[in-house]
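After the structure tokens below, expect a handful of questions from me.
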Number of protein chains: 2
Amino acid sequence: MLSHAEENYLKAIYNIGLHTGKSVNTNLIAEKLSTKPSSVSDMIKRLSDKKLIDYKKYQGAILTSYGKKVAVNTVRSHRLWEVFLVDCLNYRWDEVHELAEQLEHIKSDSLVDKLDAFLKFPTHDPHGDPIPDKKGNVNHHKNVMLSSININESCIVVGVKDSSSAFLKLLDRNSIALGSTIKVISKEPFDNSIHVKMKGNKQSFTISQQVSNNLFVKKI
Amino acid sequence: MLSHAEENYLKAIYNIGLHTGKSVNTNLIAEKLSTKPSSVSDMIKRLSDKKLIDYKKYQGAILTSYGKKVAVNTVRSHRLWEVFLVDCLNYRWDEVHELAEQLEHIKSDSLVDKLDAFLKFPTHDPHGDPIPDKKGNVNHHKNVMLSSININESCIVVGVKDSSSAFLKLLDRNSIALGSTIKVISKEPFDNSIHVKMKGNKQSFTISQQVSNNLFVKKI
DNA sequence: ATAAAAAGTTAGACAAGTCTAAAAATAATT
DNA sequence: AATTATTTTTAGACTTGTCTAACTTTTTAT
Ligand SMILES: [Mn+2]
Ligand SMILES: [Mn+2]
Ligand SMILES: [Mn+2]
Ligand SMILES: [Mn+2]
């Protein structure tokens, strides 16, 4: 039975290594978990002893298939709880992350699957992130960001890269939600900001590069 | 912010001291928490330092009003989660205790109240135990046990004293549930077992003293 | 009242997880 | 290739919570 801390480390390694595929830096893990590199070194040794990661000194960490399984299950649990919190308990999408961070660690053979069934097997969490199925299969994002959409093209918002409360509240203020249709009107070369218009809305407005780089979209 | 362990100790002290009102023994706490008396001594000192209990060496522990508040909140959380697990996730009443034991410790200002509202403000958990309200008020059991019911009298099952899986499964096998109406047919002086008949059931059967001492009932 | 039993506490050890400060290895520059 | 700079690891300390073994206090029985 793994501890909260161990699961958090595995999840961090999973999330960092997801798109690179390479071994994961000590410093990156420390940053992601708001801890110190020395703590990460300690933990990495323990995880390696438990065959959850492959690790050679100074060479970073890679999840074993066992470690990956644990990480994906934790992600599944996290995202299902987020759905529960938003859909059932009426939390907003910017409030659920910290709570799910705790709930994901509840230990049970059956809880997550029962929750999944209760929620009618949702495919995505409130931030548009895909929910792994019981077997651990995940349909990852296609990684098309709003910043890559050409002028005069339209797209639908399908996810957020950054799930921080600050970012989500900014989206709320601009009425940008999952499913929103956005048309790119123009681009500003100086700061890479873009001018956009929401479907069903006369007024257009400006979005910074930091924002457009954190919105997953699907071309129409 | 209190730890899981601290909350568990406070809950144990609360539950033990509930009906006696007196200060609570070290050994009793240790037994309740499946730990050693020396560990309890250690923890009791910490809880006393934090003004959660009043404690003098060798004299046992009593909750302060602050400690009681924490304990009642934890009990509230525990019982609401049990309702959720049974009503929403379709767990049986003998499966939920260990899970609620974990869920009760999730830290949030709003979670328990939101859960309460989602569940439509239930008054009792799946074992018939009263759920404290937001302010900490509890309607305790009247403490009438099946063993105290006279011959030829009938009563309704309103709660179980022992929530162990073994006991609850025994009740299931005998079709005894919350709300069941039981008539006492006869009593056996030798072992204090009683002969009972369920309403709507021709056949009568025998119940041991251990069982009748663990069923809260309401006289009809 | 004294001795024995029970209950409760302390001392010392351990594991998990974290930290700071110092040392070692690797990577980047000149 | 040698020197910095960066990254990573170790050493040692600390906290929480637990344990065993030994000791002290309180209670019970003689
Ligand atoms: Mn977490
Ligand atoms: Mn999410
Ligand atoms: Mn608990
Ligand atoms: Mn219960």
Side-chain angles (χ1 to χ4, degrees), chain A residues 1-13 16-17 20 22-63 67 70-71 74 98 101-102 104-107, chain B residues 1-17 20 22-63 67 70-71 74 98 101-102 104-107:
Chain A
M1 190 109 311
L2 301 177
S3 68
H4 294 199
E6 288 168 324
E7 288 179 350
N8 284 338
Y9 275 91
L10 293 173
K11 201 161 56 104
I13 295 167
I16 296 170
T20 73
K22 296 183 176 177
S23 75
V24 177
N25 292 353
T26 302
N27 278 0
L28 275 179
I29 300 171
E31 192 188 0
K32 189 117 188 172
L33 295 176
S34 303
T35 183
K36 303 289 160 177
S38 57
S39 306
V40 175
S41 274
D42 285 348
M43 179 58 97
I44 267 180
K45 244 175 284 170
R46 281 196 290 271
L47 294 177
S48 180
D49 290 345
K50 291 190 176 183
K51 313 279 183 203
L52 289 156
I53 59 173
D54 286 323
Y55 162 67
K56 282 199 212 86
K57 268 190 201 175
Y58 295 97
Q59 300 308 128
I62 287 192
L63 295 176
V70 173
T74 308
E98 287 310 308
E101 206 54 45
Q102 297 179 58
E104 68 188 2
H105 303 295
I106 302 290
K107 297 292 182 298
Chain B
M1 189 110 309
L2 301 176
S3 68
H4 293 199
E6 288 169 324
E7 287 179 350
N8 282 338
Y9 274 91
L10 292 173
K11 200 161 58 109
I13 295 168
Y14 174 77
N15 281 325
I16 296 170
T20 73
K22 294 181 178 180
S23 75
V24 177
N25 294 351
T26 300
N27 278 358
L28 276 178
I29 300 172
E31 193 189 359
K32 189 116 185 174
L33 294 176
S34 304
T35 181
K36 304 288 161 176
S38 55
S39 305
V40 175
S41 275
D42 285 348
M43 179 59 96
I44 268 180
K45 243 173 287 167
R46 282 196 289 270
L47 295 176
S48 180
D49 290 345
K50 292 191 178 184
K51 313 282 183 201
L52 289 156
I53 59 174
D54 286 324
Y55 162 68
K56 283 199 212 82
K57 267 192 202 175
Y58 296 99
Q59 300 306 132
I62 288 192
L63 294 176
V70 173
T74 308
E98 288 310 308
E101 207 54 47
Q102 298 179 58
E104 69 189 3
H105 303 295
I106 302 289
K107 297 292 181 299

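Residue numbers begin at 1 in each chain, while the letters A, B, ... track the order of the sequences.
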- request: May I ask you to verify if any side-chain N or O of A:Lys36 is less than 4.0 angstrom from the OP1 or OP2 atom of C:dA21?
  value: no
query: So how far is it from B:Asn27 CG to B:Lys36 NZ, rounded to the nearest 0.5 Å?
result: 11.0 Å
- prompt: Looking across every strand, which nucleic acid part, if any, lies under 4.0 Å from B:Ser39 by heavy atom: base, sugar-phosphate, or nothing?
  reply: base
field: Sorted by number, the residues of residues 47-56 of chain A with heavy-atom contact under 4.0 Å to DNA chain D
entry: A:Tyr55
task: Write down the distance between CG (B:Asp42) and P (D:dT16), rounded to a whole number of angstrom.
output: 12 Å
query: Can you check the B:Asn8 CG to D:dT16 C1' distance for me, whole Å?
result: 14 Å
- line: Here the distance between atom C1' of C:dT10 and atom CE of B:Met43, to the nearest Å, is 17 Å
field: Separation of C:dA7 C1' from B:Glu31 CD (nearest whole Å)
entry: 13 Å
task: Find the distance B:Gln59:CD to D:dT27:P and express it as a whole number of Å.
output: 7 Å
Inter-residue atom distance B:Met43.CE - B:Ser3.OG, 0.5 Å rounding: 5.0 Å
- prompt: Expressed in angstrom and rounded to an integer, what is the separation of B:Lys22 atom NZ from C:dA7 atom C1'?
  reply: 17 Å
- prompt: Is there any salt bridge (charged side-chain N to carboxylate O under 4.0 Å, His left out) pair reaching into residues 38-50 of chain A, and which pairs are they, with sequence neighbours excluded?
  reply: A:Glu6-A:Lys50
message: From CD1 of B:Ile29 over to C1' of C:dA7, roughly how many Å is that when rounded to an integer?
response: 13 Å
message: Counting only heavy atoms from other residues, nucleotides and ligands, does the tally under 6.0 Å from NZ of B:Lys107 exceed 12?
response: yes
query: Counting just side-chain N and O atoms, does B:Arg46 come under 4.0 Å of either OP1 or OP2 of D:dG17?
result: yes
statement: Comparing nearest nucleotides in DNA chain C, the 5'-proximal residue of the pair A:Lys57, A:His4 is A:His4
query: Between C:dT18, D:dC19, D:dG17, which one does the side chain of A:Tyr9 approach most closely?
result: C:dT18
message: Is there, by distance only and without an angle test, a donor paired with an acceptor across the side chain of B:Ser38 and the base of D:dT18 below 3.5 Å?
response: no
task: Work out which heavy atom in A:Ile44 is nearest to a heavy atom in A:Ala61; give both atom names and the distance.
output: CD1-CB, 4.2 Å
field: A:Leu28 CG to D:dT8 P, straight-line distance once rounded to whole Å
entry: 8 Å
message: Would you say B:Asn25 places a side-chain N or O within less than 4.0 Å of OP1 or OP2 belonging to C:dA7?
response: no
message: Can you see if the side chain of A:Ser41 gets near the phosphate of D:dT9 - specifically, an N or O under 4.0 Å from OP1 or OP2?
response: yes
message: Between B:Tyr58 and C:dT10, is there a contact of a side-chain N or O with OP1 or OP2 at under 4.0 Å?
response: no
- line: Sorted by chain and number, sequence neighbours left out, salt bridge (Lys or Arg N to Asp or Glu O under 4.0 Å) with A:Glu101 holds for A:Lys11
